[in-house]
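Report on the following structure.
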Amino acid sequence: METMQLMPIHRTNMSVLANRTDTETLMPIEVLESEPLNTRRVNKLPFIEANTKEVTIEHLRNDCIIPVFSKDNEITISHPAFIETVFEAANQVFPNERIEEPAMRVSHVIKGRTPEAIHKPVKDLVDEDKTIYYERMMFCFEIPTIHEDIEGNRLNLTIGGVRAYNRENLYSKKGVEKFKVFIGFKNMVCCNMCISTNGYKAELKAMSTADLFSSVVRLFQEYNISKHLYYMSAYKDSYMTETQFAQFLGKSRLYQYLPVEQRKKLPQMLMTDTQIGLVAKAYYNDDNFALPDNQSVISMWNVHNLLTGG
């Protein structure tokens, strides 16, 4: 088995988000030398687009209210607290690495009014009369000093999380709150996320930021970086013929119509028909991972990236 080597560049610590003021900028303590890249790389894209918009942590802290559980008026774990907790956990687990500032995106704004503006017509409302919070928030940050190159693709270790208030029962008393957290590698030639099973927590439950912190640290410590990189690197040495790829897509389309008993015996198919159609289109047209010209086989590395394409 080939040993995968991680090659960090100059390292430095970053201040934890929770310990900085609103006017401070997350910058390394020292200036890093630029790192030569011999791999394909394009300008950074948003890690998710769809119906989301980019925000800053200052906006989430200063311009948004924090929802409460209505039966006992206990506050929820806010979006900024979630981001800061995961960021702090990353600093604890990777103390000697350079950790970049989180990128944050939100969707599904929930609007409200201050008590003084209850009787105002909508057209007369000013910003001071309005309250907002976002039902859904997602964030992502990279640790570029932990990276690998596979098939000319730069992969950076990446951490992120998702919070959706619609998954909480805000009309009851305070209970455990649900979060999604992941750690894996981001393919820098696009925005594909390569996540392994032990690097993803689909439902992380916590009553407080202390619970959240300990659970996130445990997730990061259990994630096996070298093993994940080894298996991903092995993809480039395996291939799929055009016939096999077509059969795979066809079977994927049939999955939702299988009898229930047969479907229970198979792994869950998480892709929709629309996504399967996009994969088929990308097989011939993707700029980075399409079927190579004049070839009848495609590497499983390319197939993996077609399936995880943003």
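Rounding to the nearest 0.5 Å gives a distance of 4.5 Å between CD of Glu84 and CZ of Arg61. Distance CD1/Ile183 to CG/Leu219: 7.0 Å, rounded to 0.5 Å. In this structure, CD in Glu177 is found 4.5 Å from CZ in Arg163, a value given to the nearest 0.5 Å. Remark: Gln256 CD to Met271 CE distance equals 12.0 Å, nearest 0.5 Å. Note that OG of Ser172 and CG of Asp72 are 8.0 Å apart. Values are rounded to the nearest 0.5 Å. Taken to the nearest 0.5 Å, the CD1 atom of Ile57 stands 11.5 Å off from the NE2 atom of His79.
Remark: Lys227 NZ is loosely packed, at most 12 non-hydrogen atoms of other residues, nucleotides or ligands lying under 6.0 Å away. Within a 6.0 Å radius of CD1 in Ile75, other residues, nucleotides and ligands contribute 12 heavy atoms or fewer. More than 12 heavy atoms of other residues, nucleotides or ligands shown are found within 6.0 angstrom of NZ on Lys178.
A heavy-atom distance below 4.5 Å is not found between the side chains of Val68 and Ile66. Counting only heavy atoms from C-beta outward, the side chains of Leu60 and Tyr134 approach each other to under 4.5 Å. Counting heavy atoms from C-beta on, the side chains of Leu157 and Phe94 come closer than 4.5 Å. The shortest side-chain heavy-atom distance between Val303 and Gln244 does not fall under the 4.5 Å cut-off. Taking the side chain as every heavy atom from C-beta outward, Met104 and Val106 never approach each other to under 4.5 Å. Taking 4.5 Å as the limit, every side-chain heavy atom of Thr308 sits out of range of all side-chain heavy atoms of Asn187. The shortest distance between side-chain heavy atoms of Asn166 and Arg136 falls below 4.5 Å. Under the 4.5 Å side-chain criterion, counting only non-hydrogen atoms from C-beta, Phe179 is not in contact with Val216.
Under a hydrophobic clustering in which Ile, Leu, Val, Met, Phe, Trp and Tyr are joined whenever their side-chain heavy atoms come within less than 4.5 Å, directly or via other members, Ile276 and Leu258 fall into the same cluster. When the side chains of ILVMFWY residues are joined at heavy-atom separations under 4.5 Å, either directly or via intervening members, Met300 and Tyr284 end up in a single hydrophobic cluster. Note on Ile77 and Tyr171: separate hydrophobic clusters, where clusters join Ile, Leu, Val, Met, Phe, Trp and Tyr whose side-chain heavy atoms are under 4.5 Å apart, directly or indirectly. Hydrophobic clustering keeps Ile83 apart from Tyr133 (ILVMFWY residues linked when any side-chain heavy atoms are closer than 4.5 Å, directly or through intermediates). Taking hydrophobic clusters as Ile, Leu, Val, Met, Phe, Trp and Tyr residues chained together by side-chain heavy-atom distances below 4.5 Å, Ile110 shares a cluster with Ile65.
Between Lys186 and Thr158, the shortest heavy-atom contact is CB-OG1, 3.1 Å. Scanning both residues, Pro292 and Val297, for their nearest heavy atoms gives CD-O, 3.9 Å. When all heavy atoms of Asn302 and Ile298 are compared, the closest pair comes out as CB-CG1, 3.6 Å. Between Ser299 and Lys236, the shortest heavy-atom contact is CB-O, 4.2 Å. Nearest heavy-atom pair, Leu155 versus Met232, reported as atom, atom and distance to 0.1 Å: CD1-CE, 3.8 Å. Across all non-hydrogen atoms, the minimal contact from Lys265 to Glu261 is CG-O, 3.6 Å.
Relative ring orientation between Phe245 and Tyr283 is described as parallel, the plane-to-plane angle staying below 30° on a 0-90° scale split at 30° and 60°. In this pair, His228 and Phe185 present their aromatic rings perpendicular. The plane angle is above 60°, beyond the 30 to 60° band. Using cut-offs of 30° and 60° for the angle between ring planes, the Phe87 and Phe141 rings count as perpendicular.
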**Lys180 and Phe182: CA distance, side-chain angles, deciding distance, side-chain contact (heavy atoms from CB on, under 4.5 Å) verdict** = CA-CA 7 Å; Lys180 296 179 188 290; Phe182 65 83; over 6 Å; no

**Prompt:** Under the side-chain contact (heavy atoms from CB on, under 4.5 Å) criterion, do Met138 and Thr52 qualify, and how do the steps go?
**Reply:** CA-CA 9 Å; Met138 52 239 68; Thr52 65; 4.0 Å; yes

**Message:** Apply side-chain contact (heavy atoms from CB on, under 4.5 Å) to residues Lys120 and Arg113 and explain how you reach the verdict.
**Reply:** CA-CA 10 Å; Lys120 280 190 178 182; Arg113 299 185 181 200; 4.2 Å; yes

**Prompt:** Which is it for Phe82 and Val86 under the side-chain contact (heavy atoms from CB on, under 4.5 Å) test, yes or no, and what are the steps along the way?
**Reply:** CA-CA 6 Å; Phe82 177 33; Val86 175; 3.6 Å; yes

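Remark: side-chain polar atoms of Asp129 are not paired, donor with acceptor, to backbone N or O of Leu125 under 3.5 angstrom. Panel note: side chain Thr145, backbone Glu97; no donor-acceptor pair is recorded below 3.5 Å. Between the side chain of Glu168 and the backbone N or O of Tyr165 there is no donor-acceptor pair closer than 3.5 Å.
At a threshold of 4.0 Å, the pair Glu222-Lys201 does not count as salt-bridged, since none of the basic side-chain nitrogens sits closer than that to a carboxylate oxygen.
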